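Just so it is clear, the model here is predicted, and its values are computed rather than measured. Just so it is clear: chains get the letters A, B, ... in the order the sequence lines come, proteins before strands, and each one is counted from 1.
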Number of protein chains: 2
Amino acid sequence: MSSNTLGVRQAQKRKTREALLDAGLRLLEEQSLSSLGLREVTRVVGVAPAAFYRHFRDMADLGVALVGESLGSLHVVVRAVLAERSEAEEVIDGTVEAVAAHVELHPAHVRFIARERHGGVRAVREAIGAELDRFGDEVAEALGAQELSAGWSAEDVRMLAGLYVDHLVMTASAFIEAAGPEERRRIADTARRQLRLISLGRRHWLDG
Amino acid sequence: MSSNTLGVRQAQKRKTREALLDAGLRLLEEQSLSSLGLREVTRVVGVAPAAFYRHFRDMADLGVALVGESLGSLHVVVRAVLAERSEAEEVIDGTVEAVAAHVELHPAHVRFIARERHGGVRAVREAIGAELDRFGDEVAEALGAQELSAGWSAEDVRMLAGLYVDHLVMTASAFIEAAGPEERRRIADTARRQLRLISLGRRHWLDG
DNA sequence: CCTTCCGGCAAACAGTTGTTTACTGACTCC
DNA sequence: GGAGTCAGTAAACAACTGTTTGCCGGAAGG
């Protein structure tokens, strides 16, 4: 077998593994990981409970796998936003729009991250934290390369990046819990104004 | 019986009710509400499972009660911070210090709020959200009364208040997960710089 | 003092849980 | 084509869950 053409064996295994992940993600929309049962997941997939152990050691293990899946898709969004080279105001609009679109496209993933970031399963908490730190580093690198950051210490750039990432997560969480389109509009509007204020503070950081 | 001297009957009931709340809060340090069992709580308290129903309908009901208890203590902190009348830099230092102190004093309460804010129990999520909104309103009122907010629209003041409250919650969450005193120092330092940047943006909001 | 109230108890209920065991049968590979 | 690999199975395990029932014993209150 070649590198991208898996044998029938491995292909089937990958398939049920992803079915388990999907089922888990779906069930996690209405509960948290520490209460998600192994049998609950296998029942949805239509597979024997014992089969679970062929793919994951734990539910915590499955949770960690979901972290990668969930934040992997966000990575694309962040990179796209950072690549923007337009006016500040347009970058802000584009960012908020991108976040809104992402939440609408992958609501379960976003909800999972928001829910388990401070959830009851240590391994998953730490996986999310580590991944968000990597987001922060990535954003910091991009910010540091901009002329607006001339004269900034690396530490200050990193703290600004952290503020952006935190704000992104909070905005995404708010979108997730939004009741209707009207509330989503209100959230987007607030997020834009907050970003504007932050970027204003950024511009005057080296004053005085 | 007078209004503040409860009968022996009611006093005992209140006592076990608070024992249930305490036990729940303690158990929630290592799991989330949606996986916390009724029997688990009563076992810790040393009371029969059926006794639980004399005080709460649900675990969700107990959770909602915990929200009030947890955010009630924070209310005091926020009011104290808002009452400050010193220089901006001192207000920032005082705020971060107050948050750090509060987290050290009531770690379980703070952890509960962080964990269940986006947790799997709708009623609790909504209770926390509503209470945080009230915090936002309170902060907005205080900000609006400052001379720095002259010329600001009510909406803009409210969005700034929201930014402050979100930042407070994120900082508290970070403190909770901090490993050692060195990491706590780092978190406090970052939080201070972020608040400084935000207040810088605030000062220039009406420019241009 | 005697009745009413009521917080807590013990027991039983039917379901559910995670994990282990020995197994089957289709795919892999020489 | 025959031996070996291994994802998925069925069954059994003890332990646990939330909830209901009838009952007890001491406080409340006339």
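Across the interface with DNA chain D, nearest-nucleotide mapping of B:D58 and B:V8 shows B:D58 to be the residue nearer the 5′ end.
In this structure, B:Y53 places its OH atom 12 Å from P of D:dT21, rounding to the nearest Å. Rounded to whole Å, the distance from CD on A:E40 to P on C:dT19 is 15 Å. Taking atom CD of B:Q10 as the reference point, atom C1' of D:dA28 lies 11 Å away to the nearest angstrom. Atoms CZ (B:F56) and P (C:dG8) sit 11 Å apart, rounded to a whole Å.
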Check your understanding: For DNA chain C, what is the dot-bracket line, given that a base pair needs Watson-Crick (N1 to N3, plus N6-O4 or O6-N4) or G-U wobble (N1-O2 and O6-N3) geometry with both distances under 3.5 Å, and | means paired with another strand?
Key -> ||||||||||||.||||.||||||||.|||
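Side chains of A:V121 and A:M59 form no contact here, defined as non-hydrogen atoms less than 4.5 Å apart. Two residues are said to be in side-chain contact when any heavy atoms from C-beta on lie closer than 4.5 Å; A:S149 and A:W205 fail this criterion. Looking only at side-chain heavy atoms (C-beta outward), A:H109 and A:L25 come within less than 4.5 Å of each other.
Scanning for side-chain contact (heavy atoms from CB on, under 4.5 Å) contacts around B:E155 gives A:R193, B:S153, with sequence neighbours left out. Scored by the salt bridge (charged side-chain N to carboxylate O under 4.0 Å, His left out) test, B:R185 finds no partners at all (sequence neighbours excluded). Under the side chain to side chain donor-acceptor pair (under 3.5 Å) criterion, B:D137 pairs with B:R158, sequence neighbours left out.
At a non-hydrogen distance threshold of 4.0 Å, B:G37, B:L38 from residues 22-38 of chain B come into contact with DNA chain D.
Taking each heavy atom of A:A172 and A:V110 in turn, the nearest pair found is CB-CG1, 3.9 Å. Here the closest non-hydrogen pair linking A:G201 and B:L200 is O-CD2, 3.8 Å.
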Study note, to complete from the structure: Reading nucleotides 5-15 of chain D from 5' to 3' and marking B where a protein heavy atom lies under 4.0 Å of the base, S where only the sugar-phosphate is that close, and - otherwise, the string is BBBBBB-B---
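Other residues, nucleotides and ligands contribute over 12 non-hydrogen atoms within 6.0 Å of the CD atom of A:Q146. More than 12 heavy atoms of other residues, nucleotides or ligands lie within 6.0 Å of CD in B:E29, so this atom counts as buried by the packing criterion.
Atom NE2 of B:H106 is separated from atom CD of B:E69 by 10.0 Å, given to the nearest 0.5 angstrom.
The phosphate of C:dG15 (OP1 or OP2) has no side-chain N or O of A:R43 nearer than 4.0 angstrom.
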